[in-house]
Number of protein chains: 2
Amino acid sequence: MPKTKQFDETEVLLKAKELFCEKGYNGTSMDDLVQATGLSRSSIYDTFGDKHGLFMKSLNYYRCSQQGDLEKQCTRSDSPKKNIRAIFDYYIKDILADRGRKGCLLINVSLELSAVDKDVTAIFQSNMEDIEQVLSALIKEGQSKGEISKKFSPKALSRHLFNSLAGLRVTGMNRPDADALREIARIALSILDE
Amino acid sequence: MPKTKQFDETEVLLKAKELFCEKGYNGTSMDDLVQATGLSRSSIYDTFGDKHGLFMKSLNYYRCSQQGDLEKQCTRSDSPKKNIRAIFDYYIKDILADRGRKGCLLINVSLELSAVDKDVTAIFQSNMEDIEQVLSALIKEGQSKGEISKKFSPKALSRHLFNSLAGLRVTGMNRPDADALREIARIALSILDE
DNA sequence: TTTTATTTGGAACATTCGTTCCAATATGTA
DNA sequence: TACATATTGGAACGAATGTTCCAAATAAAA
């Protein structure tokens with residue numbers, strides 16, 4: 001009996017994510033969102049509740065797709081170390097492809113809002129832990145295979161690698177220089193050798 | 001003849017910096033600034049032009065004081081390597097002292113505005129270059145003294161270290177765990193050892 | 001004390017903000 | 001085709017935004 005939704009919710013979340021990424025949460029107006037998504041205020045409010053609801057949903061969507069992309073890099077090779085390198089390559093590729101300098105939504109809004117929005121902080125933290133977990137598993141495997149140095153614990157190394165990835169976002173957004181980013185990654189990863 | 005200014009411009013810039021840091025550029029209203037600084041709209045507009053003018057001035061002020069703090073750490077010891085460690089210790093202390101999770105104004109607003117405000121990007125870039133320069137000089141000196149490995153160039157190492165510092169801000173704001181941050185620093189700095 | 005230049009407080013401005021509301025529209029079923 | 005139901009577009013809301021303006025207050029110089 002009912003009229004069905006005329007739009008794809010996922011597409012809307014993607015558009016919203018791009019806007020929030022480019023202009024920040026407070027810099028993005030409901031009018032921007034209406035224009036970019038092409039649908040009306042009513043539809044947005046009816047579907048997502050309010051601006052913050054739409055924001056959180058697009059943030060969660062982004063987080064999941066990022067996590068998916070990450071895990072895809074873990075199966076590229078039998079070598080854990082090569083897979084870690086693949087993760088770094090993927091991130092750098094992503095940063096360099098971002099010509100509009102929009103950056104990573106998770107990092108952007110975590111810095112914009114961490115003092116005032118605990119929901120955002122919580123999502124960032126769990127995302128950070130997930131990534132560190134993935135890295136830690138790869139490191140543990142690499143250490144037992146003997147291709148990664150046992151000088152530091154998997155946990156410590158995974159934290160260092162996540163830290164480097166986060167740094168690359170910040171650095172890369174402000175200086176999108178392929179050679180510089182690759183060299184930073186090479187040095188950060190050289191810890192795994194020996 | 002004229003009535004003299006009734007307030008200290010530096011104090012106002014400091015207050016403004018704290019607000020912009022906590023709530024971001026777009027999240028900070030002129031009303032917030034009026035309340036926090038205690039002076040009137042007229043005085044602010046007369047002294048700084050407009051919101052963006054006040055913002056840029058407080059950003060520049062912050063950048064200079066940060067640069068000063070950094071250089072102070074470079075003279076603590078005769079050992080370049082120890083001075084680099086001092087820089088990292090200083091940064092981590094700063095991050096842990098930041099209970100309100102306000103973060104670093106330069107990083108925060110560079111991520112919030114880099115897609116829309118080229119002035120901010122320019123300041124961040126020159127700040128990044130300055131810091132890398134300081135680090136590079138210390139590394140070069142350390143290498144010639146034989147206390148820092150020559151495996152990587154000073155430029156590459158300085159970029160890696162800056163990248164780690166930037167990462168620490170992001171990581172530390174979301175997980176202000178002293179042990180975790182210190183261990184990340186220890187690993188990032190272990191590159192300098194043979 | 002008087003003069004003079006400047007700052008100051010607060011009212012007022014037009015815009016934009018997020019949100020609400022309702023009539024009109026459009027769809028799947030009977 | 002006609003009914004029932006959910007979506008849709010757009011007007012409208014009050015509150016908050018950045019900014020302007022001017023009269024009143026103030027401090028240094030005469």
Side-chain angles (χ1 to χ4, degrees), chain A residues 1-59 105 108-109 112-113 115-120, chain B residues 1-59 105 108-109 112-113 115-120:
Chain A
M1 309 181 191
K3 180 177 172 185
T4 55
K5 277 238 159 68
Q6 298 294 296
F7 59 89
D8 181 9
E9 198 174 307
T10 299
E11 271 182 41
V12 172
L13 291 180
L14 221 106
K15 282 270 182 201
K17 173 238 137 191
E18 248 158 82
L19 272 186
F20 284 127
C21 211
E22 179 181 345
K23 313 171 119 198
Y25 177 73
N26 285 313
T28 303
S29 72
M30 222 51 189
D31 221 60
D32 293 334
L33 292 161
V34 166
Q35 270 197 281
T37 60
L39 43 91
S40 72
R41 287 176 152 65
S42 329
S43 305
I44 294 181
Y45 277 90
D46 190 72
T47 312
F48 303 102
D50 57 7
K51 183 187 175 185
H52 194 259
L54 169 57
F55 168 66
M56 290 305 288
K57 209 148 190 177
S58 75
L59 183 61
L105 183 62
N108 288 7
V109 300
E112 182 189 354
L113 302 173
V116 289
D117 192 329
K118 293 306 161 200
D119 295 342
V120 172
Chain B
M1 309 181 194
K3 179 178 172 184
T4 57
K5 276 239 161 63
Q6 298 294 294
F7 58 89
D8 181 9
E9 199 174 308
T10 299
E11 271 184 40
V12 172
L13 291 180
L14 221 107
K15 283 270 181 199
K17 173 240 138 190
E18 248 159 80
L19 273 186
F20 284 128
C21 212
E22 180 181 345
K23 312 171 121 199
Y25 177 73
N26 284 314
T28 303
S29 72
M30 222 49 189
D31 221 60
D32 293 334
L33 292 161
V34 166
Q35 269 197 282
T37 60
L39 41 90
S40 71
R41 288 177 150 67
S42 328
S43 305
I44 295 182
Y45 277 91
D46 189 72
T47 312
F48 303 103
D50 57 6
K51 184 186 174 185
H52 194 259
L54 169 57
F55 169 66
M56 290 305 288
K57 210 149 191 179
S58 74
L59 184 62
L105 183 63
N108 289 7
V109 300
E112 182 189 353
L113 303 172
V116 289
D117 191 330
K118 294 306 160 202
D119 295 342
V120 172

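Treat the numbers as computed from the prediction; the structure is a model and nothing was measured. Quick note on labels: first sequence line is chain A, next is B, and so on, each numbered from 1. All heavy atoms count here, side chains included; hydrogens, waters and symmetry mates do not.
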Whole Å only: how far is the CZ atom of F7(A) from the P atom of dA6(D)?
15 Å
Distance in angstrom units between N26(B) CG and dA16(D) C1', rounded
14 Å
Look at all strands and tell whether S42(A) reaches a base, only sugar-phosphate, or nothing, counting heavy atoms closer than 4.0 Å.
base
Check the distance between dG10(D)'s C1' and L39(A)'s CG and give it to me in whole angstrom.
14 Å
Any sub-3.5 Å donor-acceptor pair from E112(A)'s side-chain atoms to N26(A)'s backbone N or O?
yes
note: K51(A), atom NZ; dG18(C), atom P; distance rounded to Å ~ 4 Å
Kindly give the heavy-atom pair with the smallest separation between S58(A) and L105(A), and that separation in Å.
O-CD2, 4.3 Å
For dT8(C), take OP1 and OP2 only and decide whether either is under 4.0 Å from a side-chain N or O of S43(B).
yes
When you get a sec, tell me which of dT8(C), dT17(D), dT7(D) is the closest nucleotide to the side chain of D46(A)?
dT7(D)
Is S29(A) near enough to dT16(C) that one of its side-chain N or O atoms lies under 4.0 angstrom from OP1 or OP2?
no
If we fit an axis to the first five pairs and another to the last five of the helix from dT1(C)-dA30(D) to dA30(C)-dT1(D), what angle do they make, to the nearest 10°?
10°
When the distance from CZ of R41(B) to P of dT19(D) is rounded to whole Å, what number comes out?
10 Å
Write down the atom of M30(B), the atom of D50(B), and the distance for their closest heavy-atom approach.
CE-C, 4.4 Å
D31(B) CG to dG9(C) P, straight-line distance once rounded to whole Å:
14 Å
Counting the atoms with a prime plus P, OP1 and OP2 as sugar-phosphate, which does T47(B) contact under 4.0 Å by heavy atoms, base, sugar-phosphate, or nothing?
nothing
Checking contacts here: which listed nucleotide (dT8(D), dT8(C), dG18(C)) is nearest the side-chain heavy atoms of S40(A)?
dT8(D)
Nearest heavy atoms of A36(B) and L19(B), plus distance in Å:
CB-CD1, 3.5 Å
Is there side-chain contact between E9(A) and F48(A), with heavy atoms separated by less than 4.5 Å?
yes
Rounding to a whole Å, what distance do you find between H52(B):NE2 and dT17(D):P?
18 Å
Can the positive tip of K51(A) be found less than 6.0 Å from the middle of the six-membered ring of Y25(A), inside 45° of the ring normal?
yes
Given atom CG of D32(A) and atom C1' of dG18(C), what is their separation to the nearest angstrom?
12 Å
Taking the side chain as every heavy atom from C-beta outward, state whether T28(B) and F55(B) have any atom pair closer than 4.5 Å.
no
Taking the minimum atom-to-atom distance to the side chain of Y45(A), which one of dG9(D), dT20(C), dT8(C) wins?
dT20(C)
